[in-house]
S.K.: 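Below are the structure tokens for one structure; questions will follow.
For the numbers below, each heavy atom of this structure counts, side chains included, while hydrogens, waters and symmetry mates do not. Remember, it's a predicted structure, so these values are computed and weren't measured experimentally. Numbers restart at 1 for each chain; the letters A, B, ... are given by sequence-line order, proteins then strands.
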Protein chains: 2
Amino acid sequence: MKMLDTDKKENLRPDVLSEHCQSRFVMNHVTNRWGGLVLLALSEETLRFSALRRKIGGVSERMLSQTLKTLEEDGFVLRKSYDVVPPHVEYSLTPLGEGAAKHFGALARWLEDNLEEIMKARGE
Amino acid sequence: MKMLDTDKKENLRPDVLSEHCQSRFVMNHVTNRWGGLVLLALSEETLRFSALRRKIGGVSERMLSQTLKTLEEDGFVLRKSYDVVPPHVEYSLTPLGEGAAKHFGALARWLEDNLEEIMKARGE
DNA sequence: CAGAATCCAACTTGATACTG
DNA sequence: CAGTATCAAGTTGGATTCTG
């Protein structure tokens, strides 16, 4: 007997199109307003909080802090705190984070490279 | 004289990390809650409104309609309406949309394939 | 069938001020 | 420096109803 794609059973294969699949939960962390940009900013470069904030145009302290916490929970970002005064905290990507950043980065570069055509399609 | 990346001049190269770059504007359409999922659902398949809605778990009529309109404006989605009763409308991807879908799809597949490791990192 | 319109609830985000 | 706390404001999302 063949399994159908329409079987509601989870655990066959994750699918972001399925409402309650955990992959969509994680996808939301990567594709929300700041998640992907943080991954992008940290790819190939370890940064401190304020440097990261400067690099990502428009992000507030609150949102950056919140986004970093989420990405750290997902295992994408590594937070390294040195116990000195004044505080010194470094953020970098884990191997998992590098993987996500690679794919998000590819999407970003494609958008950047095709922006002209897209804006033309928009009639602007 | 060399141009520096830090030059505030626009039009050198689009950069999603820049606050007012239009590439970020478009990026938001692709990475908002339903944008990418619509691109994914339409890749390799033309669908009618209700079929599309069934395929994307959890999306409301309102949000689907709104998302489709945005993606159509960006030139990613093609809307084809047949003037019959009852109405018949088909949605498909433009070549531009296929490009975006390809990259978003790669990210989605990577997430799905690495979900187990991610959830392990989350301690769940 | 494919939506548009309306109303309202929930969530997100930002500004500002403050702390160890 | 690296955040947190608080509150205000904006945005998104859903349920429902309606229509050509």
S.K.: Which nucleotide in the list D:dT4, C:dA2, C:dA4 gets nearest to the side chain of B:Lys69?
M.R.: C:dA4
S.K.: On DNA chain D, check which nucleotide each of A:Ala51 and B:Arg62 is closest to and give me the residue with the more 5' one.
M.R.: A:Ala51
S.K.: Of all heavy-atom pairs between B:Ala108 and B:Leu40, which one has the smallest distance, and what is that distance?
M.R.: CB-CD2, 4.0 Å
S.K.: May I have the distance from A:Trp34 (atom CH2) to C:dT13 (atom P), rounded to whole angstrom?
M.R.: 9 Å
S.K.: What is the minimum heavy-atom distance between A:Asp74 and B:Ala121, and which atoms define it?
M.R.: O-CB, 3.9 Å
S.K.: What nucleic acid atoms does B:Arg79 come within less than 4.0 Å of, heavy atoms only: base, sugar-phosphate, or nothing?
M.R.: sugar-phosphate
S.K.: Could you work out which one of D:dC1, D:dG14, C:dT13 sits closest to the side chain of B:Arg33?
M.R.: D:dG14
S.K.: May I have the distance from A:Glu61 (atom CD) to C:dT19 (atom P), rounded to whole angstrom?
M.R.: 15 Å
S.K.: Name the residue closer to the 5' end of DNA chain D, choosing between A:Pro87 and A:Gln66 according to the nucleotide with the nearest heavy atom.
M.R.: A:Pro87
S.K.: As a test of reading the structure: which of D:dT4, C:dG14, C:dG3 is closest to the side chain of A:Ser65, going by heavy atoms?
M.R.: D:dT4
S.K.: Over 60° means perpendicular and under 30° means parallel, so classify the ring planes of A:His103 and B:Trp110, tilted if in between.
M.R.: tilted
S.K.: In whole angstrom, what separates B:Asn28's CG from C:dT13's C1'?
M.R.: 13 Å
S.K.: Keeping the roles fixed (side chain from A:Arg79, backbone from A:Ser92), state whether a donor-acceptor pair exists under 3.5 Å.
M.R.: no
S.K.: Taking for each residue the nucleotide of DNA chain C bearing the nearest heavy atom, is the 5' side occupied by B:Ser50 or by A:Gly58?
M.R.: B:Ser50
S.K.: Tell me which nucleotide among D:dG3, C:dA4, D:dC1 gets nearest to the side chain of A:Tyr91.
M.R.: D:dG3
S.K.: What is the distance from CZ of A:Phe49 to P of C:dG20, rounded to the nearest Å?
M.R.: 18 Å
